[in-house]
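Right, one structure below, let's go through it.
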Protein chains: 2
Amino acid sequence: MASNAPSFSPLYRQIKSLIVQALESGEWRPGEAIPSEQELAARFGVSQGTVRKAVDELAAENVLERKQGKGTFVVSHHDPRQFFRFLRLVPDDGSLTQPQSVPLDCWRAKAGQEAARVLQIPVGDPIIILRRVLKFSGKPVVLDEIYLPGEVFEGLTLDTLKEWKGSLYSFFETRFGVRMLRAEERIRAVAADRMAAETLGVKEGTPLLSVERVTYTYNDRPVEWRRGRYLTTQYHYHNELT
Amino acid sequence: MASNAPSFSPLYRQIKSLIVQALESGEWRPGEAIPSEQELAARFGVSQGTVRKAVDELAAENVLERKQGKGTFVVSHHDPRQFFRFLRLVPDDGSLTQPQSVPLDCWRAKAGQEAARVLQIPVGDPIIILRRVLKFSGKPVVLDEIYLPGEVFEGLTLDTLKEWKGSLYSFFETRFGVRMLRAEERIRAVAADRMAAETLGVKEGTPLLSVERVTYTYNDRPVEWRRGRYLTTQYHYHNELT
DNA sequence: CAGTGGTCTAGACCACCTC
DNA sequence: AGGTGGTCTAGACCACTGG
């Protein structure tokens, strides 16, 4: 069989890997500036243009952010602009209100077949299951059930979660050093079960958006699996196709 | 009030505009190669690197496609790979079958408030309304209702549409010279009305994905408005968040 | 082989931010 | 003024395609 491995790796990709390694190791932390292109070029022994191309790709992947005149910064989920990066639900009238996350419960379990496959861990490994509601202007709109690998999120409790002001991903970033970089979603229409109906304040059977998400960190490692139930009477899932 | 207009436009963006102009004018047709970077650089009186950066952006926007050793080509909806560019519905089991489009009916009307606003045409202007079904392996999965500005799609008939083998957008591209470049979608969960239920072979009230799409051509000009009803029991809407 | 896009370099200058 | 990223140039060489 033919292999699809690239026959050749350009220098700027190798530099890119080195930068990612440094990010992964925590050498530069979220929100901070990384060294200037000149410094990186000297450090890696290449020209500035080559560093530039590596950084360009990482900026396109939302890992780094360039600010002219100031420097290049590590993207952080603390940045309010990152809030809607993974949440594509917006009000029909276009008003921009920051939703509030309300944790419901949180317990330990062992990974079953499906969770193990999705999170790429052995069956029976510890996982943490978390349920929460997202409220827009005080009204519940989203019910999330979140599965996390226990090893990565060691020590997560409902109480620490309740104290947190801000997004779940900013919480994960500071408390567990886990940076969510990209995600894949599978979306369907389903009927509300009793649980979802009660939580969202609608009748059982109401059509809801089912949004199943797998979120990845460095090296395409899955670190979160969640299933959301979105009430879409006054909100919609917005997507840009390019 | 402060203006958000850019205070300065780099050379490569001006070159990009010139390339887009040439594409728009039909100087280079879909599927064809555009002149080499060297030739373009000579024609516009800039260095190859500047042309390169302009082409890079157009390639990132899926307007052009680079093929090493061969040249740079105008993306065409005839390319089978473009089929799923705007259709994010995939089977749960991952099998890749090309769906078949079955036109149902097609009639003329005058634009109402909403259609006029979305398509950015005056109220009362002629529009064409088109309904069709998408079948996967012979089974109806999507019901689309499509609104088109009559001026652009002058002369569209159900019969010519029925003869066409291929995607709707490849039809639009060859028959009307309209190239769909990007789209925005609003997704919700709704209950199947009688029409949708009958067409898709499900009970009234079955949860369906409602996908409302506005599609744009050059200069961000809207040229299509459609509302789809997706049956998502064995298929799901796939989305990548980056 | 010649022609295409892809990479890499070195250097100059511009736009923006901060002190 | 001095630093950052952003643009532009010119030239060399590499990888891939097709005759």
Side-chain angles (χ1 to χ4, degrees), chain A residues 2-19 22-23 28-29 31-76 79 81, chain B residues 2-19 22-23 28-29 31-76 79 81:
Chain A
S3 154
N4 282 329
S7 50
F8 145 86
S9 180
L11 190 50
Y12 74 85
R13 283 219 195 273
Q14 304 173 35
I15 303 301
K16 185 181 170 188
S17 296
L18 291 174
I19 295 175
L23 285 166
W28 312 309
R29 311 194 69 79
E32 288 179 4
I34 69 172
S36 74
E37 296 181 351
Q38 290 288 0
E39 287 177 274
L40 290 175
R43 164 167 167 178
F44 298 128
V46 298
S47 81
Q48 192 199 1
T50 301
V51 169
R52 190 162 184 73
K53 187 140 190 186
V55 172
D56 276 345
E57 288 203 352
L58 290 168
E61 294 167 11
N62 291 304
V63 175
L64 297 177
E65 184 185 8
R66 324 190 75 137
K67 297 185 187 175
Q68 183 171 142
K70 299 178 75 172
T72 301
F73 297 77
V74 184
V75 169
S76 165
D79 187 333
R81 289 185 319 230
Chain B
S3 154
N4 282 328
S7 50
F8 144 87
S9 179
L11 190 48
Y12 74 86
R13 282 219 196 272
Q14 304 175 34
I15 302 302
K16 185 182 170 187
S17 295
L18 292 174
I19 295 176
L23 286 166
W28 312 309
R29 310 194 70 78
E32 288 179 3
I34 69 171
S36 74
E37 295 180 352
Q38 290 288 0
E39 287 177 276
L40 290 175
R43 164 166 167 180
F44 297 129
V46 298
S47 81
Q48 193 198 1
T50 301
V51 169
R52 190 161 185 75
K53 187 139 191 189
V55 172
D56 275 345
E57 288 202 350
L58 290 168
E61 293 167 11
N62 293 305
V63 175
L64 297 177
E65 183 185 9
R66 323 190 76 137
K67 297 184 186 176
Q68 183 171 145
K70 299 177 77 171
T72 301
F73 297 78
V74 184
V75 169
S76 165
D79 187 333
R81 289 185 320 232

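- When the P atom of D/dG2 is taken as reference, atom CD of A/Q38 falls 16 Å away, rounded to whole Å.
- Set against D/dC16, D/dT9, D/dT17, the side chain of B/K70 has D/dT17 as its closest nucleotide.
- Atom CZ of A/F8 and atom P of C/dC8 are 6 Å apart (whole Å).
- To the nearest 0.5 Å, atoms OG (B/S47) and NZ (B/K53) are separated by 11.5 Å.
- Considering only side-chain N and O atoms, A/T50 lies under 4.0 angstrom from the phosphate OP1 or OP2 of C/dT9.
- Along DNA chain D, the nucleotide nearest B/Q48 and the nucleotide nearest B/V51 are compared for position; the residue whose nucleotide lies closer to the 5' end is B/V51.
- OP1 or OP2 of D/dG5 lies within a sub-4.0 Å distance of a side-chain N or O belonging to A/T72.
- Put simply, B/S36 has no side-chain N or O that comes within less than 4.0 Å of OP1 or OP2 on C/dG3.
- In this view, B/E61 and B/K16 satisfy the side-chain hydrogen bond (donor to acceptor under 3.5 Å, both in side chains) rule, not counting sequence neighbours.
- Both A/R13 and B/G69 lie close to DNA chain C; mapped to their nearest nucleotides by heavy-atom distance, the more 5′-ward contact belongs to B/G69.
- Regarding contacts with the backbone of C/dC8, every side-chain N or O of A/K53 stays at 4.0 angstrom or more from both OP1 and OP2.
- At C/dA10, none of the side-chain N or O atoms of A/S47 fall inside 4.0 Å of OP1 or OP2 (strictly under the cut-off).
- Using a distance-only test at 3.5 Å, with no hydrogens or angles considered, no donor-acceptor pair links the side chain of B/E65 to the main chain of B/A59.
- One can place CD of A/E65 at 13 Å from P of C/dC17, the figure rounded to the nearest angstrom.
- Between B/R52 and C/dG6, a side-chain N or O to OP1/OP2 separation shorter than 4.0 Å is present.
- Using a 4.0 Å heavy-atom cutoff across all strands shown, A/V46 reaches sugar-phosphate atoms only and no base atom.
- When the C1' atom of C/dT7 is taken as reference, atom CG of A/D56 falls 14 Å away, rounded to whole Å.
- A side chain to side chain contact (heavy atoms under 4.5 Å, CB included) with B/V51 is found for exactly one of B/D56, B/T72, B/L40, namely B/L40.
- Without hydrogens or angle criteria, A/E57 side chain to A/A54 main chain gives no donor-acceptor distance under 3.5 Å.
- Nearest nucleotide to the side chain of A/Q68, out of D/dC8, C/dT9, D/dG5: D/dG5.
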